[in-house]
Amino acid sequence: MGKVTIGGGQGFWGDSNDAAIHMVKEGDVNYIACDYLAELTLSIMARQQMKNPNAGYARDFLDLMKVCGKDAFDKKIKILANAGGMNINGLVDVVKQAMQHKGIRGYRIGYVTGDEISKQIPKLLKQGITFENMDNSEDFRLIQDQICNANVYFGHEPLMQCLRDGADVIITGRAADSALFLAPIMYELGINEGDWDNLARGIMAGHLLECGGQGSGGNFDYGWREVPDMDRLGFPIAELDENNFYITKSMNCGGLISEQTCKEQLLYEVHDPANYITPDVTVDISRSELRQVGKNRVEVKNIRGKVRPDKLKLSIGYHAGYKVVGMLSYAWPDAMEKAQYAADILYKKLKRKNLQAEEIKVDYIGANALHLDVAETPLEKMKDLNEVVMRFAIRTKTKEEALKLVPEISPLQLNGPPGASFLGGRPKVQEVIGLWPTLIPRDCVELISHIVEI
């Protein structure tokens with residue numbers, strides 16, 4: 001076994017490219033992995049592609065490659081990203097064009113297809129797969145005719161094949177976040193299938209890096225004031241060999257790598273620390289140890305692994321109706337009272353229109369929009385608020401019902417409590433995409449690895 005150094009270059013679609021560019025130009029890394037996909041991101045990309053067949057991928061990744069793709073190639077830094085979203089081939093094509101424009105030759109683009117299986121659902125239903133909702137056990141037939149996309153969370157295997165084929169960059173759809181990191185770690189350290197402890201180490205390296213700046217002082221609840229130079233935040237880097245596992249970051253950038261920053265990220269999205277389920281391995285971090293061993297350097301030990309699950313997670317996006325959101329702001333004095341009165345006016349108007357809504361939600365930003373029912377809202381505190389934004393939202397089955405709210409927000413500037421200010425322009429009807437999480441057997445998915453060379 002040797003040593004591998006891998007950086008987390010992106011935490012979500014829309015994240016800054018600055019840290020990844022800094023890693024390429026000044027960092028000492030062998031790989032950079034960039035995670036672009038959240039639960040509903042693919043559904044948004046699917047809607048984009050419906051409007052424009054050339055869309056459906058994270059264009060941010062193309063921007064990144066235009067800036068530092070050649071530098072990465074010259075320094076032999078390989079880049080992995082699930083930025084392909086719903087249009088993997090489309091992103092491959094534009095990355096290929098960008099690298100050709102840079103005059104690069106011998107550049108190998110690896111990509112993985114097969115994670116989007118919506119067209120296979122009728123066949124799988126006939127085979128007896130029920131697609132039961134993991135959250136509430138609802139009947140899949142409720143949304144069967146409303147599907148936008150169906151993407152499988154897959155693991156390291158097709159990524160490993162691309163690495164074996166000499167890929168300089170690998171583009172995927174819904175590769176699991178941490179699998180983007182595990183594959184290079186396995187490849188460089190010679191980790192075998194079924195070596196659950198080492199697979200778990202690789203997965204947790206990915207887990208500590210996959211959210212980008214969240215692992216190096218961004219969104220740091222324990223001590224955000226302690227984070228230096230957050231305006232040029234560097235993202236975390238993992239260093240692993242056969243016996244050691246460290247989290248650090250590049251030099252000459254902001255951010256903080258400490259036991260506390262790593263602990264927050266280690267526990268992120270982990271429901272059961274003894275059984276953190278991924279496509280590649282079930283991880284046990286219940287006895288893990290994190291120790292500061294230097295400035296911006298934390299050692300991670302005692303990660304254990306168990307056999308991987310028999311099934312893979314499938315995220316199905318479906319059309320769940322329409323929504324309209326309108327906002328009005330009110331200033332002191334009596335800001336909260338005015339906002340509540342305005343909401344009451346809207347309720348009465350919509351009742352006269354016989355609104356058929358699946359859900360009506362009113363928030364008072366500045367009072368309870370974040371903490372909802374557990375917010376402390378004593379009368380004396382509410383009377384002293386400097387300002388409140390009343391946010392009125394409805395969700396309906398049809399667009400016609402949703403439109404009933406649209407003309408009612410703006411008139412309240414003159415036809416309601418005093419001092420209203422219109423925020424965000426005239427409300428627009430938006431399609432709502434719902435998420436249907438489910439599980440399917442591994443053998444239902446055929447993932448294919450490809451290589452194209454410039």
Side-chain angles (χ1 to χ4, degrees), residues 6-24 31-69 72 79-95 98 109 111-113 115-116 118 148-154 159 169-181 206-216 218-219 233-236 265 268-269 279 313-318 430-437:
I6 183 167
Q10 188 87 181
F12 60 95
W13 184 21
D15 201 357
S16 170
N17 284 333
D18 292 351
I21 293 169
H22 180 81
M23 279 185 203
V24 170
Y31 293 87
I32 295 175
C34 302
D35 176 33
Y36 287 85
L37 303 180
E39 291 287 331
L40 286 173
T41 306
L42 286 159
S43 299
I44 297 170
M45 290 176 168
R47 287 168 56 194
Q48 290 182 342
Q49 194 177 30
M50 289 176 191
K51 296 177 182 178
N52 176 6
N54 295 320
Y57 57 80
R59 187 173 178 84
D60 308 18
F61 181 69
L62 176 61
D63 296 336
L64 173 66
M65 295 300 290
K66 286 180 177 179
V67 174
C68 64
I79 299 176
L80 299 89
N82 54 15
M86 292 296 295
N87 189 2
I88 298 158
N89 289 294
L91 182 54
V92 169
D93 288 343
V94 293
V95 168
I109 302 172
Y111 61 104
V112 179
T113 57
D115 66 292
E116 210 293 320
S118 56
C148 302
N149 67 288
N151 292 82
V152 176
Y153 280 70
F154 64 87
L159 299 164
V169 64
I170 302 175
I171 295 169
T172 76
R174 183 59 278 191
D177 310 358
S178 50
L180 295 167
F181 300 83
H207 182 75
L208 286 163
L209 271 55
E210 68 191 27
C211 293
Q214 183 170 279
S216 54
N219 197 24
L233 190 70
F235 288 3
Q265 181 60 32
Y268 172 71
E269 291 184 337
K313 183 178 179 180
L314 176 67
S315 289
I316 300 175
Y318 66 95
Q430 296 176 292
E431 183 182 4
V432 175
I433 300 296
L435 178 66
W436 189 277

Using modelled atom types and a 3.5 Å cut-off, is there a donor and acceptor pairing between side-chain atoms of [X] and backbone atoms of [Y]?
| X | Y | value |
| --- | --- | --- |
| Gln10 | Gly212 | no |
| Glu116 | Ala150 | yes |
| His207 | Tyr268 | yes |

Review item, side-chain donor-acceptor pairs of residues 44-69, under 3.5 Å, at least two apart:
unit_1	atom_1	unit_2	atom_2	d
Asn52	OD1	Asn54	N	3.0
Asp60	OD2	Gly14	N	3.1

From [X] atom [atom1] to [Y] atom [atom2], the distance as rounded to the nearest 0.5 Å:
| X | Y | atom1 | atom2 | answer |
| --- | --- | --- | --- | --- |
| Phe181 | Leu159 | CZ | CG | 11.5 Å |
| Met86 | Cys148 | CE | SG | 9.0 Å |
| Ile6 | Ile79 | CD1 | CD1 | 11.0 Å |
| Ile21 | Ser16 | CD1 | OG | 7.5 Å |
| Asn151 | Arg174 | CG | CZ | 8.5 Å |
| Leu209 | Ser216 | CG | OG | 9.0 Å |

Looking just at side-chain N and O atoms, do Asn149 and Ser43 make a donor-acceptor pair shorter than 3.5 Å?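 A pair is found: one side chain offers a donor N or O, the other an acceptor, under 3.5 Å apart.
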
Please find the pair of heavy atoms, one from [X] and one from [Y], that lie closest to each other, and give the distance.
| X | Y | value |
| --- | --- | --- |
| Tyr111 | Thr113 | CD1-CG2, 4.1 Å |
| Thr172 | Leu180 | OG1-CD2, 4.3 Å |
| Pro437 | Leu435 | CD-O, 3.5 Å |
| Ser315 | Tyr153 | OG-CE1, 3.3 Å |
| Met23 | Pro236 | CE-O, 3.7 Å |

Show me, pair by pair, the donor-acceptor contacts under 3.5 angstrom made by side chains of residues 31-38, not counting sequence neighbours?
unit_1	atom_1	unit_2	atom_2	d
Tyr31	OH	Glu188	OE2	2.5
Asp35	OD1	Leu37	N	3.4
Asp35	OD1	Asn82	ND2	2.9

